[in-house]
Amino acid sequence: VQLQASGGGLVQPGGSLTLSCVASSHTFRMDATGWFRQAPGKEREFLAAISWSGETVEVADIVKGRFTISRDNRKNSVTLQMNNLRPEDTAVYYCAAGSVVGNADIFYDFWGLGTQVTVSS
């Protein structure tokens, strides 16, 4: 099973993008799903995560107030809405699925290939 992240692209500072994460198999249930990013030369960092029910949501301080995570279980998809983007948000964005919501890589067993987000004027 693979996770497919999409929606990345080039956006100007202050702009918005919506990233989507879906599983390659419709029978695979993404329980806890998280979003991470990795910029060149930097470590991968946690952004946000959401439980299957949607009742548990965790958002990193670095993006709180700008990024929102949500899910549509009918479509088996998780969305990361990113607003007021800044040049420092430029990175490859990854989604990941695991059993429980957590703010570190170790909580997630399945990873997508990533989608590039570039914020530049």
Side-chain angles (χ1 to χ4, degrees):
V1 174
Q2 283 190 326
L3 302 182
Q4 299 170 337
S6 62
L10 174 64
V11 63
Q12 292 187 342
S16 299
L17 281 175
T18 303
L19 303 185
S20 179
C21 177
V22 296
S24 59
S25 169
H26 70 279
T27 62
F28 176 74
R29 179 173 127 159
M30 298 190 294
D31 285 329
T33 307
W35 284 96
F36 294 75
R37 70 185 180 191
Q38 187 167 21
K42 295 187 177 182
E43 293 186 354
R44 187 159 56 191
E45 60 183 352
F46 169 78
L47 300 175
I50 187 168
S51 63
W52 170 257
S53 68
E55 293 181 353
T56 302
V57 174
E58 186 168 345
V59 181
D61 289 341
I62 55 172
V63 297
K64 194 168 290 183
R66 298 191 299 126
F67 291 11
T68 303
I69 189 169
S70 62
R71 68 184 307 145
D72 184 346
N73 290 338
R74 297 168 301 174
K75 299 179 181 179
N76 204 21
S77 67
V78 174
T79 297
L80 184 69
Q81 176 65 43
M82 307 187 296
N83 298 324
N84 191 21
L85 286 162
R86 305 165 180 168
E88 53 266 36
D89 293 320
T90 295
V92 178
Y93 284 66
Y94 299 89
C95 62
S99 299
V100 296
V101 170
N103 60 5
D105 294 14
I106 60 172
F107 290 97
Y108 302 93
D109 303 309
F110 300 92
W111 291 81
L113 296 179
T115 184
Q116 175 70 46
V117 171
T118 302
V119 185
S120 175
S121 55

*Asks:* Between R71 (side chain only) and A32 (backbone N and O only), is there a donor and an acceptor less than 3.5 Å apart?
*Replies:*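 Judged by distance alone, no pair lies under 3.5 Å.
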
*Asks:* Identify the two heavy atoms, one from L80 and one from A48, that lie closest to each other, and give their separation to 0.1 Å.
*Replies:* CD1-CB, 4.2 Å

*Asks:* Just to verify, which of Y108, F36, Y93, F107 counts as forming a ring-ring contact (aromatic ring centres under 6.0 Å, His included) with F46?
*Replies:* F36

*Asks:* Just wondering, are more than 12 heavy atoms of other shown residues or ligands nearer than 6.0 Å to CD in E88?
*Replies:*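 Above 12, so yes.
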
*Asks:* Can you list the residues that meet the side-chain hydrogen bond (donor to acceptor under 3.5 Å, both in side chains) rule with T18, with sequence neighbours excluded?
*Replies:*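 For T18 the side-chain hydrogen bond (donor to acceptor under 3.5 Å, both in side chains) partners, ignoring immediate neighbours, are Q81.
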
*Asks:* Just wondering, more than 12 heavy atoms not from K75 lying within 6.0 Å of its NZ?
*Replies:* no

*Asks:* Among the clusters formed by ILVMFWY side chains lying less than 4.5 Å apart, do L17 and V59 turn up in the same one?
*Replies:*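 L17 clusters together with V59.
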
*Asks:* Can you measure from OG (S99) to CG (D31) and round to the nearest 0.5 angstrom?
*Replies:* 6.0 Å

*Asks:* Between V22 and W52, is there a shared hydrophobic cluster once you connect ILVMFWY residues whose side-chain heavy atoms come closer than 4.5 Å?
*Replies:*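 No, it is not one cluster - the side chains of V22 and W52 are not joined through contacts under 4.5 Å.
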
*Asks:* Check step by step if side chain to side chain contact (heavy atoms under 4.5 Å, CB included) holds for F67 and L85.
*Replies:* CA-CA 9 Å; F67 291 11; L85 286 162; 3.8 Å; yes

*Asks:* Please round to the nearest 0.5 Å and tell me the distance separating atom CD of E55 and atom CD1 of I50.
*Replies:* 10.0 Å

*Asks:* About how many Å separate CD of E58 and OG of S51, when rounded to the nearest 0.5 Å?
*Replies:*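 Going from the OG atom of S51 to the CD atom of E58 covers 11.0 Å.
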
*Asks:* Is there a donor-acceptor pair under 3.5 Å between the side chain of N73 and the backbone N or O of S53?
*Replies:*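 A pair under 3.5 Å: no.
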
*Asks:* Heavy atoms only: give me the nearest G8-T115 pair and the separation to one decimal.
*Replies:*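 Looks like N-OG1, 3.1 Å.
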
*Asks:* How would you list, by chain and number, every residue that makes a side-chain contact (heavy atoms from CB on, under 4.5 Å) with S120, sequence neighbours excluded?
*Replies:* L10, T118

*Asks:* Going by side-chain contact (heavy atoms from CB on, under 4.5 Å), name the residues that satisfy it together with S6, two or more places apart in sequence or in a different chain.
*Replies:* S20

*Asks:* A side-chain contact here means heavy atoms from C-beta on lying under 4.5 Å apart; do W35 and M82 qualify?
*Replies:*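 Counting from C-beta outward, W35 and M82 never come under 4.5 Å.
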
*Asks:* Under a 4.0 Å threshold between the charged nitrogen and the carboxylate oxygen, would R86 count as salt-bridged to D89?
*Replies:* no

*Asks:* Who passes side-chain contact (heavy atoms from CB on, under 4.5 Å) against V92, sequence neighbours left out?
*Replies:* Y94, Q116

*Asks:* What pairs with I62 under side-chain contact (heavy atoms from CB on, under 4.5 Å), at least two apart in sequence or on another chain?
*Replies:* R37, E45, L47, A60

*Asks:* Evaluate the criterion side chain to side chain contact (heavy atoms under 4.5 Å, CB included) for residue pair T33 and L3; output intermediate values, then yes/no.
*Replies:* CA-CA 10 Å; T33 307; L3 302 182; 5.5 Å; no

*Asks:* Using the disulfide (SG to SG under 2.5 Å) rule, collect all pairs that involve residues 77-121, keeping only residues at least two apart or in two chains.
*Replies:* C21-C95

*Asks:* Between I69 and V57, is any pair of side-chain heavy atoms under 4.5 Å apart?
*Replies:*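 Yes, side chains in contact.
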
